[in-house]
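Shown below is the structure under consideration.
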Amino acid sequence: MNRPRKKVIVVGGGTAGWMAASAIAKLLPHAASVALIESAEIGIVGVGEATLPHLRAFIETLGLDEAEFMAATHATYKLGIEFRDFGKPGDAYLHPFGAFGRPLGDVPFLAYWLRMRALGQGGDISDYSVANVMAAQRRFAVPLTDPDVLLSSYGYAYQFDATRFGPYLRGFAEEQGVTRTEGRIVSVERNAETGDVAAVVLESGARVEGDLFVDCSGFRGLLLGDALGEEWEDWSHWLPCDRAMALPCASPPGEIEPLTRATAMPAGWRWRIPLQHRVGNGYVYSSAHLSDDEAAEAILAAVEGEPLAEPRMLRFRAGRRKRSWSHNVVAVGLASGFLEPLESTSIYLVQAAILQLIELFPIDAIEAADRDEFNRLIDYEYDRIRDFLILHYHASTRDDSAFWNQVRHMPIPDSLADKIALFRRAGRIERYSHGLFFEPSWIAVMIGQGVIPEGRDQRADAVDPRELGAALERLRGQIAGEVRRLPGHREALGMQKLS
C-alpha cells in the first residue's frame, strides 16, 4: 500500500543542511518531502574546507558531476594531510589516502618493513606509499581501477571553498523538489504528550509543521540542544583547543600542493589548505594558552601570500551530544558534535549521519530501536575519531611550551591506550569493519611521530633478508618510476576542466 510521505524539515542551511536535504530528497523521494529553513542573517562556518575521500562516494551517490562540482567550489585534489613538527620540531610526515606497500600472503607489509628496518635497511616507509610520493612531487592522477597495478593503491579527496558548497548543493536540492523558506526561528512547539517537536515558528509568524526534523543549526543546536535539552559530553580535557583564527591569503606562484598541511604551533596547530583561487589558513589554539590577539598576529606572520581578509575568530568546544537522535529530531553536523579539523573529519561526520538516517529512515512511526541504533553508530564514529586526534598530541615529544607539555602528559582514553600498546608491542592495528581510519592511517601517525614497534609479526622473519631487501628496493623504484610519469597538480586540474 502507498504510505503518505514523511514531512522532513531541515533546520539550517550551509554544508550540513544542504547535504542532508539533497540526500534525503534524492534517495528517498517516495518516502519523504523535504523543506529547508535558513536565515541569510546567520552566517555559515566555512573556512576551508578540507575533506576525506568518502565525499567522492557521496557526490557519486547523488549523481553529481565531479568536474562541475570542482569548478563550482574552486576545488583542488587532496592526497593526504601533512603534519609538521608534531612529533618534535623539524619532523614531517604525510597521512596518505592509500596503502603502504603490499602484503605478501597474510603477512602485512609493515612487518616486512620493520624486519628490514631492524637490519638498518628499507628506507623510509613513506617511499612505499604511492600517495605519499605523488604528494611530495606535487603530481596527481585519478587512481586506476585495476587492483593489480600500483596506481590503484590510493584514493583522493577534495579541498574546496566551503562558502560555495552549500549554494552549489542548493541548486541540486531544489531540482529534487526541496523547498526553501527564508527566516529566523524564534520558538519551537512540542507535542505535550510525546515531547516531539510539532512545529517551529518563524520571526514572520509563519508556523512550519513536520514529522521529522533535522537539526543543522550549527553549534547552538537550536532543536536538539535548546528545545530538547540533550546533554553535551565535553571532551575539552582531551582536546583543549577551543578557538581558531582563520585567514585566507593569495595563492603563491608555482605548483599547487595536493595536500592539506597541519603545522604544530606553541598553543595548537595551524592549517594550510590550497584551493584553485586562494589558500585557506588558520590557527587552531587553546585560549588557556594563547590570547586572541596573539593568535591573529601569529597567523598573519605565518601566511606566505597577501592576506585577503582580516583574521576571523571562531569559538568551539570538543565533544558531542549524549544522543544525536532524540524524539523526532536528528542532529547533523555541529549540532551533533564537534571535533577539531586536524584530520578533516567534519564533513565526513555530516555524511555519516545523513547516510545512517537514510538507512534507518522511519517507515511509519519512529521506533526507539532505530534511534538507539543511530545513536550507537554515531557515537562509535565520534569516539574513534576522538582517539585518533588525541594520538597526534599524546605521541609527541615536544616540551617547548605549556600547551604541548599538557597534552603529551594528559591521561588518555583506555581505548586509545590499548591501541598504542598493541602497536608498540608487535606493530599490530586493531581491525574493524566500520568507522573511520583503518590500518594505514594509524601506521602513518604512529610511525610518523616516533611510535616504533618493539616487535613484529614473526612470519616476516621466514623470508631471506637479501631477497626481502631486493623486493623492497624494486617496489620503491617501481613507485618512483610510475609517479614520475604523472602530470603536475595544476595540469591535472586543467585536464579535469576539459573532461
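Hydrogens, waters and symmetry mates are skipped; everything else that's a heavy atom, side chains included, is used.
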Decide yes or no for W18 and V10: does some side-chain heavy atom of the first lie under 4.5 Å from some side-chain heavy atom of the second? no
Under the criterion salt bridge (Lys or Arg N to Asp or Glu O under 4.0 Å), which of R490, K78, R138 is the partner of E257? R138
Just verifying a value: how many Å separate T260 OG1 and I273 CD1, rounded to the nearest 0.5 Å? 5.0 Å
Return yes if some donor-acceptor pair links the side-chain N/O of E182 with the main-chain N/O of A40 below 3.5 Å, else return no.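 Indeed, once roles are kept as given, a pair shorter than 3.5 Å links the two residues.
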For the residue pair W271 and A246, what are the closest heavy atoms and their distance?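 For W271 versus A246, the nearest heavy atoms are CZ2-CB, 4.0 Å.
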Would you say the side chain of I447 lies within less than 4.5 Å of the side chain of P453, judging by non-hydrogen atoms?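 The answer is yes; the side chains approach within 4.5 Å.
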Before giving the answer on side-chain contact (heavy atoms from CB on, under 4.5 Å), spell out for R484 and Q137 the whole-Å C-alpha distance, their side-chain angles and the decisive distance to 0.1 Å. CA-CA 8 Å; R484 275 196 300 269; Q137 297 187 24; 4.1 Å; yes
Backbone N or O of V279 within a donor-acceptor pair of the N281 side chain at under 3.5 Å?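 Yes; judged by distance alone, with no hydrogens or angles, the pair exists.
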Rounded to the nearest 0.5 Å, how far apart are CG of D124 and CZ of R476?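 If we round to the nearest 0.5 Å, D124:CG and R476:CZ are 9.0 Å apart.
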Under 3.5 Å, is there a donor-acceptor pair between the side chain of R115 and the main chain of A460? yes
For the pair L436 and L349, evaluate side-chain contact (heavy atoms from CB on, under 4.5 Å) and give the outcome as yes or no after the intermediate values. CA-CA 10 Å; L436 193 57; L349 285 166; over 6 Å; no
Using modelled atom types only, decide if a donor and an acceptor are shared between the side chain of H489 and the backbone of I256 within a distance under 3.5 Å. yes
Nearest 0.5 Å, what's the CZ-NZ distance between R398 and K88?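 Answer for the CZ-NZ pair, R398 versus K88, is 11.5 Å.
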Steps toward side-chain contact (heavy atoms from CB on, under 4.5 Å) verdict (F423, I429): CA-CA 6 Å; F423 186 80; I429 303 292; 3.3 Å; yes
Can you tell me if R139 uses its side chain to pair, donor with acceptor, with the backbone of L486 under 3.5 Å? yes
Quick check: do F69 and L62 have side-chain heavy atoms less than 4.5 Å from each other? no
W269 and Y283 aromatic centres sub-6.0 Å: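 So the answer is no for these two rings.
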Should the ring pair W325 and F374 be called parallel, tilted or perpendicular, given that the plane angle runs from 0 to 90° and is split at 30 and 60? perpendicular
Nearest atoms (heavy-atom pairs only) where Y382 meets G337: OH-N, 3.3 Å
No-hydrogen, no-angle side-chain donor-acceptor test under 3.5 Å, E68 and Y168: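 Yes, side-chain donor-acceptor contact under 3.5 Å.
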Would you name the heavy atoms of S344 and L52 that are closest together and state the gap between them?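 That would be O-CG, 3.4 Å.
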Nearest 0.5 Å, please: how far is CG in L144 from OG in S153?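 With rounding to 0.5 Å, OG (S153) is 9.5 Å from CG (L144).
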State, yes or no, whether a side-chain contact exists between F100 and E439 at a heavy-atom distance under 4.5 Å.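 Counting from C-beta outward, F100 and E439 never come under 4.5 Å.
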Is it true that a side-chain atom of T73 and a backbone atom of R164 form a donor plus acceptor pair closer than 3.5 Å?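 Checking the backbone N and O of R164 against the side chain of T73, no donor-acceptor pair under 3.5 Å is found.
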Backbone of G90 reached by a side-chain donor or acceptor of D85 within 3.5 Å: yes
Calculate, to the nearest 0.5 Å, the distance between atoms SG and CG belonging to C241 and L339 respectively. 12.0 Å
Side chain proximity check, L151 to V130, heavy atoms < 4.5 angstrom: yes
May I ask you to decide if the ring planes of Y77 and Y156 are parallel, tilted or perpendicular, using 30° and 60° as cut-offs? perpendicular
Donor-acceptor contact present, side-chain S251 to main-chain R278, <3.5 Å: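 Present.
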Do the non-hydrogen side-chain atoms of L36 and V34 ever get within less than 4.5 Å of each other? no
Taking the ring of H95 and the ring of F388, is the distance between their centroids below 6.0 Å?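 Aromatic pair counts; centres sit under 6.0 Å.
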Mark yes or no for whether R386, through its side chain, and W235, through its backbone, hold a donor-acceptor pair below 3.5 Å. no
Is it the case that the side chains of N132 and Y154 hold a donor-acceptor pair, with the cut-off being a distance below 3.5 Å and no angle test? no
Looking at Q351 and H54, would you say the former's side chain and the latter's main chain have a donor-acceptor pair under 3.5 Å? yes
Under 30°, 30 to 60°, or over 60°: which ring-plane class applies to F160 and F165, parallel, tilted or perpendicular?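 Tilted.
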Could you walk me through whether W442 and E430 satisfy the side-chain contact (heavy atoms from CB on, under 4.5 Å) test, starting with their C-alpha distance in whole Å, then the side-chain angles of each, then the deciding distance to 0.1 Å, before giving a yes or no? CA-CA 10 Å; W442 289 91; E430 175 190 358; over 6 Å; no
Suppose we call two aromatic rings close when their centres sit under 6.0 Å apart. Are F83 and Y93 close by that rule? yes
Would you call E49 and S346 a side-chain contact if the rule is heavy atoms closer than 4.5 Å?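 Result yes, sub-4.5 Å side-chain heavy-atom pair found.
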Looking only at heavy atoms, the pair that brings F403 and P266 closest together is CB-O, 3.3 Å
Please test D383 against R320 for salt bridge (charged side-chain N to carboxylate O under 4.0 Å, His left out), starting from the C-alpha separation and ending with a verdict. CA-CA 9 Å; D383 293 355; R320 59 167 170 80; 3.2 Å; yes
Note: L275 and T76 closest approach over all heavy atoms is C-CG2, 3.5 Å
Do you know which two heavy atoms are closest between G122 and Y128, and how far apart they sit? O-OH, 2.6 Å
Just how far is it from atom CD1 of I354 to atom CD1 of I358, taken to the nearest 0.5 Å?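 Here the interatomic distance stands at 7.0 Å.
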Just wondering, do F140 and M495 contact through their side chains at under 4.5 Å, heavy atoms? no
